[in-house]
Asker: 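Shown below is the structure under consideration.
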Amino acid sequence: MLSDLDPRGYCVLIASSEAHPLVKTGGLGDVAASLPMALRQLGHDARLILPAYPNAKKQVRELKPLMELRMSGVVGSVQLYGGLLPDRDLPVYLVDAPAYFCREGNPYTDVSGRDWGDNPERFLLFSRVVAHVAMGLPPLNWRPNILHSNDWQTGLAAALLREHDERPATVFTIHNLAYQGLFDRATFDRLRLPASLWSLSGLEFHQRMSFIKGGIVFSDRVNTVSPQYADAVRTQRFGCGLDGRLRPLGGRCRGTLHRTTHPRGQHPHDPPPTPRPAGERVHLKAENKLELQRLFGLPRDEHAFVVGHVGRLVEQKGVDLIIDILPRLVTAGRVQLVMQGAGDRALEQALQEAAAAHPERVSVHVGYDEARAHLIEAGSDAFLMPSRFEPCGLNQMYSLRYGTVPIVHNTGGLADTVVDASDAALAAGTANGFLFDDPNADGLWYALEKALRMQREQPQQWRALMLAGMRKDLSWQASARRYVDFYAEAIASRAPLHEAAMA
Ligand code: ADP
Ligand code: GLC
């Protein structure tokens with residue numbers, strides 16, 4: 001057992017604005033809980049820090065107040081709490097600043113979906129506390145040698161630590177470069193950040209302040225969440241204006257494929273707590289499909305070809321392409337579509353109208369519901385992800401585990417995890433899904449038709465795709481090991497990227 005542990009034994013503080021099951025709006029929440037657990041299994045002392053949203057505070061086990069932080073310019077009190085995640089032995093620090101984090105809604109928006117107007121203050125405060133904890137606060141009796149921040153909400157932590165000689169090495173993960181935390185100059189002044197940070201080698205980005213740029217330029221190492229997306233962010237098309245910053249970084253900016261921790265036995269349709277070989281699980285598809293049709297009010301038909309989708313309803317995810325293929329989908333024989341998502345009001349409405357117009361074929365649940373999401377992944381024959389870009393994507397991986405064949409756009413993490421059913425891949429037994437190159441309705445429809453034909457006309461091939469997906473190694477261990485190597489590099493050459501770029 002001991003020989004499996006990494007002798008370097010790092011102390012890693014992982015800062016995130018969400019973590020499952022405390023609070024989650026997307027894949028960041030899954031990753032923020034899975035990665036530290038995988039690191040702990042390798043023998044590292046990884047701990048999580050996030051804001052004390054009401055739902056987080058309610059769920060943390062063995063919650064204890066650790067200390068009060070005295071901070072200038074902050075409204076009300078700031079307390080640091082410690083405890084464990086409810087479903088695993090993962091230490092978590094919660095930053096309790098009720099004036100900033102104790103409110104209804106999600107971490108970023110109010111109940112009507114509007115960004116909180118004080119998001120810059122909220123995530124500056126969070127980053128300030130993260131920076132304090134990263135420096136090792138005496139009452140905690142713990143001092144990390146790595147601070148690992150994630151996305152724009154934690155981007156300022158590395159910027160605030162930049163001048164501390166004793167600071168830990170810093171790693172910053174870009175989960176999605178399209179969300180940058182951009183605010184105007186007046187906000188920068190209001191936040192009273194050091195004036196020196198307003199520069200092109202600092203936070204300034206086209207006359208605005210960019211939180212994510214803080215994470216990129218002031219960290220020792222940067223990564224994105226799949227190798228293909230690491231290439232994509234260096235291009236003008238997907239670089240969101242930061243490609244010029246990322247290109248010169250070479251190996252200091254990498255892609256590390258994220259994985260899934262598959263829930264076992266938590267939801268009614270999860271695989272059983274004790275793993276069983278893929279071959280013994282294929283027959284569960286029929287049962288799950290009938291249950292899915294029942295729950296979503298579709299005709300119960302074991303032989304229908306059911307396609308599913310779960311996700312945030314935003315332009316990135318290409319849900320409009322699914323809407324565009326509906327006229328073809330509802331006239332194809334025995335095809336049903338089950339969708340769940342929330343976000344853009346116009347997309348929500350268009351989907352609800354489609355379901356009302358074709359109640360035998362289309363069923364839509366607008367909202368967020370974990371158990372239903374798992375049932376869609378488990379009970380569908382195929383899972384659609386026509387994302388215009390996808391940094392990593394977790395739903396195609398969940399689908400693979402359930403023997404649900406993903407049909408995805410050939411981009412980012414989708415391209416890194418789905419192997420297209422080409423003749424060569426079928427012959428090699430590696431094919432597990434369908435990729436399409438053109439992110440438009442015809443591209444999606446062509447791939448869907450190909451899948452439908454195979455499922456109907458070549459059931460053995462289809463079964464081979466399901467089995468290849470179920471057997472694919474998607475565990476976190478390999479990714480966690482890559483992170484450990486990345487941490488080692490960051491420690492060995494503790495030089496923020498803005499300095500390295502100038503050297
Ligand atoms: P992103 O982080 O861009 O939203 P990912 O594919 O990485 O995309 O992760 C999305 C995560 O959020 C998955 O775990 C997915 O199941 C979950 N999710 C998204 N929308 C919903 C929803 N409406 N109901 C339940 N789970 C959802
Ligand atoms: C982001 C990306 C998604 C990725 C997730 C976890 O939300 O949009 O593709 O899977 O982060 O890294």
Side-chain angles (χ1 to χ4, degrees), residues 24-27 106 108-109 111-114 178 288-289 291-301 304-390 393-396 398-399 404-409 414 434 436 439-449 451-452:
K24 169 177 155 185
T25 69
N106 83 22
Y108 320 117
T109 66
V111 275
S112 72
R114 254 194 316 264
N288 287 335
K289 190 192 291 189
E291 178 56 14
L292 175 65
Q293 290 164 330
R294 189 194 63 75
L295 189 74
F296 277 81
L298 289 167
R300 297 185 79 195
D301 175 1
F305 186 70
V306 178
V307 287
H309 176 85
V310 177
R312 294 180 294 116
L313 298 180
V314 292
E315 207 214 344
Q316 174 199 342
K317 301 289 177 183
V319 174
D320 51 312
L321 306 187
I322 302 181
I323 294 172
D324 288 348
I325 62 165
L326 279 173
R328 289 182 258 187
L329 190 141
V330 295
T331 49
R334 279 171 117 174
V335 178
Q336 296 176 345
L337 172 69
V338 179
M339 294 192 52
Q340 175 169 294
D344 183 296
R345 298 283 184 264
L347 289 173
E348 288 178 357
Q349 202 181 333
L351 289 172
Q352 282 169 322
E353 282 167 11
H358 307 283
E360 308 272 292
R361 295 304 198 101
V362 180
S363 181
V364 171
H365 178 244
V366 169
Y368 191 95
D369 184 320
E370 288 268 334
R372 276 174 180 259
H374 283 263
L375 181 57
I376 295 177
E377 283 146 5
S380 304
D381 291 290
F383 194 90
L384 303 181
M385 286 183 79
S387 311
R388 293 192 160 79
F389 69 96
E390 193 60 76
L394 299 182
N395 278 319
Q396 82 281 12
Y398 292 131
S399 299
T404 301
V405 175
I407 300 175
V408 305
H409 177 212
L414 300 174
F434 295 84
F436 59 94
N440 56 40
D442 287 341
L444 171 61
W445 179 249
Y446 176 72
L448 178 52
E449 256 192 328
L452 179 59

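Heads up: numbering here begins at 1 and tracks the sequence. Fair warning: this is a prediction, and the values are worked out from it, not measured in the lab.
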Asker: Can you confirm whether Arg361 sits close enough to Val335 that some side-chain heavy atom of one is under 4.5 Å from a side-chain heavy atom of the other?
Answerer: yes
Asker: Can you check whether Ala332's main-chain N or O pairs, donor with acceptor, with Arg334's side chain at less than 3.5 Å?
Answerer: no
Asker: Can you name the closest pair of heavy atoms from Ile323 and Ala350 and give their distance?
Answerer: CD1-CB, 3.7 Å
Asker: Any non-hydrogen side-chain atom of Leu448 less than 4.5 Å from a side-chain atom of Leu329?
Answerer: yes
Asker: Can Glu390 and Gln316 be said to form a side chain to side chain contact (heavy atoms under 4.5 Å, CB included), step by step?
Answerer: CA-CA 8 Å; Glu390 193 60 76; Gln316 174 199 342; 3.4 Å; yes
Asker: For the side chain of Glu291 and the backbone of Gly379, is there at least one donor-acceptor N/O pair under 3.5 Å apart?
Answerer: no
Asker: Using every non-hydrogen atom in the two residues, find where Arg345 and Ser112 come nearest and quote the distance to one decimal.
Answerer: NH2-O, 3.1 Å
Asker: Side chains of Glu348 and Gln352: donor-acceptor distance under 3.5 Å anywhere?
Answerer: no
Asker: Do we see a donor-acceptor contact under 3.5 Å between the side chains of Glu370 and Tyr368?
Answerer: yes
Asker: Aromatic rings Phe296 and His365: how do their planes relate, parallel, tilted or perpendicular, breaks at 30° and 60°?
Answerer: perpendicular
Asker: Measure the CD-CG distance between Glu377 and Asn395 for me, rounded to the nearest 0.5 Å.
Answerer: 4.5 Å
Asker: Hey, what do you get for OG (Ser399) to CG (Leu394), rounding to the nearest 0.5 Å?
Answerer: 10.5 Å
Asker: Is there a side chain to side chain contact (heavy atoms under 4.5 Å, CB included) between Phe383 and Val310 once you walk through the steps?
Answerer: CA-CA 9 Å; Phe383 194 90; Val310 177; 4.0 Å; yes
Asker: Could you go through Val362 and Glu353, starting from their C-alpha distance and side-chain angles, then the distance that decides it, and tell me whether this counts as side chain to side chain contact (heavy atoms under 4.5 Å, CB included)?
Answerer: CA-CA 10 Å; Val362 180; Glu353 282 167 11; over 6 Å; no
Asker: Nearest 0.5 angstrom please: Leu326 CG to His358 NE2, how far?
Answerer: 6.5 Å
Asker: One thing to verify: whether Asp344 and Lys317 come together as a salt bridge, which I'm taking to mean a side-chain N less than 4.0 angstrom from a carboxylate O.
Answerer: no
Asker: Look up atom CZ in Phe305 and atom CG in Asp381, then write down how far apart they are to the nearest 0.5 Å.
Answerer: 5.5 Å
Asker: Considering all heavy atoms of both residues, which atom of Leu351 and which atom of Val364 are nearest to each other, and what is their separation?
Answerer: O-CG2, 3.5 Å
Asker: Donor-acceptor pair, Arg388 side chain versus Pro439 backbone, under 3.5 Å?
Answerer: no
Asker: In Å, rounded to the nearest 0.5 Å, how long is the span from CG of Leu375 to CG of Leu295?
Answerer: 6.0 Å
Asker: Are any of the side-chain heavy atoms of Leu337 and Ile322 separated by less than 4.5 Å?
Answerer: yes
Asker: How close do Leu292 and Val338 get, heavy atom to heavy atom, and via which atoms?
Answerer: CD1-CG1, 4.1 Å
Asker: Of all the heavy-atom pairs spanning Pro386 and Gly318, show the shortest one and how long it is.
Answerer: CG-O, 3.4 Å
Asker: For the pair Gln396 (side chain) and Met385 (backbone), establish whether a donor and an acceptor sit closer than 3.5 Å, ignoring hydrogens and angles.
Answerer: no
Asker: Just so I know, are the side chains of Asp324 and Leu444 near enough to count as touching, which here means a heavy-atom distance under 4.5 Å?
Answerer: no
Asker: Is the number of heavy atoms from other residues, nucleotides or ligands within 6.0 Å of OH (Tyr108) greater than 12?
Answerer: yes
Asker: Determine whether Val306 and Ser380 make a side-chain contact, defined as any pair of heavy atoms from C-beta on separated by less than 4.5 Å.
Answerer: yes
Asker: If we only count heavy atoms from C-beta on, is the Glu360 to Gln336 side-chain gap below 4.5 Å?
Answerer: no
Asker: If every non-hydrogen atom of Ile407 is compared with every non-hydrogen atom of Ala447, which pair is closest and at what distance?
Answerer: CG2-CB, 3.7 Å
Asker: Please round to the nearest 0.5 Å and tell me the distance separating atom CD1 of Ile376 and atom CD of Gln340.
Answerer: 4.5 Å
Asker: Can you find a heavy atom in the side chain of Tyr398 that is under 4.5 Å from one in the side chain of Thr404?
Answerer: no
Asker: Does any non-hydrogen side-chain atom of Val319 lie less than 4.5 Å from one of Met339?
Answerer: yes
